[in-house]
Asks: 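Input: one structure, supplied below.
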Amino acid sequence: MELKDFVGKPCTSKVSYEFFPKKKTKIDLAKASEELAKIATIDINSKVLLIIKIDMSTVSIFKNGKILVRGEKDETKARNTAEKVVSVLDESVAEKKGLFG
């Protein structure tokens, strides 16, 4: 998975930057936590949400592929952090197929 597969925009409700996958995506958060443990500290690992700390940033990763870099309005800094996150996501990511994926 690469960051070019995402669309980024400032979050409207919080001081954050959001990245949405261009294609319907499903992330296996259990596998993602194993992959991300190599580069980040896992704060919360649940069935619907994964919260990690990386490079002084808090990042939320959702099952639908959305990535939220919290506390960052600067697009370049948020993009660099998100790039590190998606660069290690491999086996945990699958593109949804069909109506119900």
Asks: Are Ile67 and Val59 side-chain neighbours, meaning at least one heavy-atom pair lies under 4.5 Å?
Replies: yes
Asks: Arg79 versus Val69: any side-chain heavy-atom pair under 4.5 Å?
Replies: no
Asks: What pair of heavy atoms forms the shortest contact from Ser46 to Leu29, and how long is it?
Replies: O-CD1, 3.7 Å
Asks: How about Lys26 and Asn64: do any of their side-chain heavy atoms sit closer than 4.5 Å?
Replies: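 Side-chain contact under 4.5 Å: no.
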Asks: Under 4.5 Å between side-chain heavy atoms, hopping through other hydrophobics if needed: is there a path connecting Ile61 to Ile44?
Replies: no
Asks: Following the transitive rule for hydrophobic clusters with a side-chain heavy-atom cut-off under 4.5 Å over Ile, Leu, Val, Met, Phe, Trp and Tyr, establish whether Val88 and Ile54 coincide in one cluster.
Replies: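 Yes: a chain of side-chain contacts under 4.5 Å links Val88 to Ile54.
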Asks: Are Leu89 and Ile42 linked, directly or through intermediate hydrophobic residues, by side-chain heavy-atom contacts shorter than 4.5 Å (ILVMFWY only)?
Replies: yes
Asks: Restricting to non-hydrogen atoms, name the atom on Ser92 and the atom on Lys31 that form the minimum distance, rounded to 0.1 Å.
Replies: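 Answer, listing the atom of Ser92 first, then Lys31: CB-CB, 3.7 Å.
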Asks: Which atom pair, heavy atoms only, marks the closest approach of Glu91 to Glu35?
Replies: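 Taking Glu91 first and Glu35 second, the nearest heavy atoms are N-OE2, 2.8 Å.
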Asks: Just wondering, do Leu50 and Ser60 contact through their side chains at under 4.5 Å, heavy atoms?
Replies: no
Asks: Between Thr41 and Ile52, is there a side-chain heavy-atom distance shorter than 4.5 Å?
Replies: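 When only atoms from C-beta onward are counted, Thr41 and Ile52 do not touch, as no gap falls below 4.5 Å.
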Asks: Check whether Ile27 and Ile39 end up in the same hydrophobic cluster, where Ile, Leu, Val, Met, Phe, Trp and Tyr are linked by side-chain heavy atoms less than 4.5 Å apart.
Replies: yes
Asks: Between Glu18 and Lys66, is the closest basic N to carboxylate O distance under 4.0 Å?
Replies: yes
Asks: Applying the 4.5 Å side-chain criterion to the ILVMFWY set and letting contacts propagate, would Leu36 and Ile51 be lumped into a single cluster?
Replies: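 No, because Leu36 and Ile51 fall into different hydrophobic clusters, even though each may have its own neighbours under 4.5 Å.
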